[in-house]
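Take a look at the structure below.
Position 1 is the first residue of the sequence; numbering continues from there. This is a predicted model, so every value here is computed, not measured.
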Amino acid sequence: MTTNHTIERLPRLLAIDDSELIHKILRVRLQHEQLELHSALSGAEGLRLAKELKPEVILLDIELGDMEGFAVLQALKADEATRDIAVVFISAFSEPVDRVKGLDLGAVDFITKPFEVIELIARVRSILRLQNAMHMLAVKAQIDGLTGLWNRKYFDARLESEFAEARRHGKPLSLIMSDIDKFKSLNDGYGHPFGDLVLERFAKILSSGRVSDVACRYGGEEFGIILPSGNLGEACEVAERLRERLAGERWPRHEDLRITASFGVADLSCIAPNMFPHALVEAADKALYAAKHGGRNRVERAPSVAPPLRKSA
């Protein structure tokens, strides 16, 4: 797989309980588990830490000093930043109505105090295994099966996120759109297995650049690279290096064959301030179209329509 990965961290568990004794017990009993333990003594503090830490699991007491645990759970589920956190209710009461209410609100489990720590650990481990499996499936659904790059679904979501971040903080953002030249002729003349080899090798070239750049398979033989905090000039330099690398590739059993790609580059200065992410794709696509019709195997930049954004200090 050629996608970039973030540094792995230990899973986080946040305990929200107004009993200091419960936190002490958890700290002692969970000290050898492969997880980070965080504590909150009130619902308000728990909501703040949940948003800040984004833990994998929350242990939530129903009876808190400042608010009911049910209200905390409702607030967690109402916030996009915390709605996917697994919440386990812990309570001194075992009334069925409380269990039903908690599960209906989105809790994944319910444990009665005083609880057996061994049982609690087993349940937390089970939740973490399930979450890890779901995460792997979610990631797999965003990866192109042939090239190992992020797919169109991920491209759209990531571009929208980076676009909003750039607009909010006044940061540059660039996009490179690329298309392998005369790819249909390659498939027709050398066969689809060779065409797949070309796509795979080009994908490796695209993903071998800067760590911050996000290479994606946009569709067919077209690819997109998102460059967070990259301006138009930097993006053109990246595109030129990638163009040269593909043009210099040698192909097994086809030593005289030269395969090239065309590149279109745009940044936020190429679209109006009130435009949306799709406008950046359109600007880069138009530049790619110009590269194709200008002779292929070249990099074209979209024209600027706005002053370039400065990087914030």
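A salt bridge is absent between Glu244 and Arg241; no separation between the charged side-chain nitrogens and carboxylate oxygens falls under 4.0 Å. Asp213 and Arg210 are joined by a salt bridge, as a carboxylate oxygen and a charged side-chain nitrogen come within less than 4.0 angstrom of each other. In this structure, Asp267 does not pair ionically with Arg301, as no charged nitrogen and carboxylate oxygen lie closer than 4.0 Å.
The aromatic rings of Tyr154 and Trp150 lie parallel to each other, their planes meeting at an angle below 30°, with 60° marking the opposite boundary.
Within the 4.5 Å cutoff, no side-chain heavy atoms of Asp181 are placed close to those of Ile259. In this structure, the side chains of Val265 and Leu175 stay at 4.5 Å or more apart for every pair of heavy atoms. Leu73 places a side-chain heavy atom less than 4.5 Å from the side chain of Phe89. Within the 4.5 Å cutoff, no side-chain heavy atoms of Gln142 are placed close to those of Lys140. Between Arg217 and Leu146 the shortest side-chain heavy-atom distance falls below 4.5 Å. Looking only at side-chain heavy atoms (C-beta outward), Ile16 and Asp61 stay at 4.5 Å or farther from each other. Looking at Leu41 and Asp17, their side chains never come closer than 4.5 Å, going by heavy atoms from C-beta outward.
In the hydrophobic clustering, Met136 connects to no other residue, as no ILVMFWY side-chain heavy atoms lie under 4.5 Å from its own.
With sequence neighbours left out, the salt bridge (charged side-chain N to carboxylate O under 4.0 Å, His left out) criterion links Glu237 to no other residue. When the salt bridge (charged side-chain N to carboxylate O under 4.0 Å, His left out) test is applied to Asp156, the partners found at least two apart in sequence or on another chain are Arg152. Residues forming a salt bridge (charged side-chain N to carboxylate O under 4.0 Å, His left out) with Arg12 (at least two apart in sequence, or on another chain): Glu36. Residues passing the salt bridge (charged side-chain N to carboxylate O under 4.0 Å, His left out) test with Glu20, sequence neighbours excluded: Arg27.
Ser262 and Asn297 make their closest contact through OG-N, 3.2 Å (heavy atoms, listed as atom of the first residue, atom of the second, distance). The heavy-atom pair separating Asp109 from Leu103 by the smallest distance is N-CD2, 4.2 Å. Taking all atoms of both residues into account, the shortest heavy-atom contact from Glu222 to Asp179 is CB-OD2, 3.9 Å.
Sparse packing is recorded around NE2 of His135, with 12 or fewer heavy atoms of other residues, nucleotides or ligands lying under 6.0 Å away. The environment of Lys182 atom NZ is sparse: at most 12 non-hydrogen atoms of other residues, nucleotides or ligands sit within 6.0 angstrom. Residue Lys286 places its NZ atom among 12 or fewer non-hydrogen atoms of other residues, nucleotides or ligands, all under 6.0 Å distant. By the neighbour-count criterion of 12 heavy atoms within 6.0 Å, atom NZ of Lys24 is sparsely surrounded, having that number or fewer from other residues, nucleotides or ligands.
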Contacts under 3.5 angstrom, residues 186-195 side chains, donor-acceptor by atom type, not counting sequence neighbours:
| unit_1 | atom_1 | unit_2 | atom_2 | d |
| --- | --- | --- | --- | --- |
| Asp188 | OD2 | Lys184 | NZ | 2.9 |

Arg123 vs Glu119, salt bridge (charged side-chain N to carboxylate O under 4.0 Å, His left out): CA-CA, chis, key distance, verdict: CA-CA 6 Å; Arg123 294 195 185 192; Glu119 179 187 2; 2.4 Å; yes
Begin with the C-alpha distance, continue with both residues' side-chain angles, and end with the deciding distance and a verdict on ring-ring contact (aromatic ring centres under 6.0 Å, His included) for Phe163 and Phe276. CA-CA 8 Å; Phe163 191 92; Phe276 295 98; 7.7 Å; no
So Arg201 and Glu249, salt bridge (charged side-chain N to carboxylate O under 4.0 Å, His left out) or not? Walk me through it. CA-CA 9 Å; Arg201 192 174 292 187; Glu249 284 287 304; 3.1 Å; yes
Kindly determine whether Glu80 and Arg83 satisfy salt bridge (charged side-chain N to carboxylate O under 4.0 Å, His left out), including the steps that lead there. CA-CA 5 Å; Glu80 187 176 352; Arg83 67 177 51 161; 5.3 Å; no
Can you check salt bridge (charged side-chain N to carboxylate O under 4.0 Å, His left out) on Arg158 and Glu160, steps first, answer last? CA-CA 5 Å; Arg158 182 64 180 269; Glu160 184 174 346; over 6 Å; no
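Here the CG-CD1 distance, from Leu13 to Ile121, works out to 10.5 Å after rounding to the nearest 0.5 Å. Considering CZ of Phe223 and CG of Leu288, their distance stands at 12.0 Å, rounded to 0.5 Å. Expressed to the nearest 0.5 Å, how far CG of Leu14 lies from CG of Leu37 amounts to 8.5 Å. Expressed to the nearest 0.5 Å, how far CD1 of Ile90 lies from CG of Leu59 amounts to 5.5 Å. For the atom pair CD of Glu63 and CZ of Phe70, the computed distance is 8.0 Å after rounding to the nearest 0.5 Å. In this structure, CG in Leu10 is found 11.0 Å from CD in Glu33, a value given to the nearest 0.5 Å.
For the pair Arg258 and Trp251, the cation-pi test (distance below 6.0 Å, angle within 45°) is failed.
Remark: the Arg245 side chain and the Ser208 side chain contain an N/O donor-acceptor pair separated by less than 3.5 Å.
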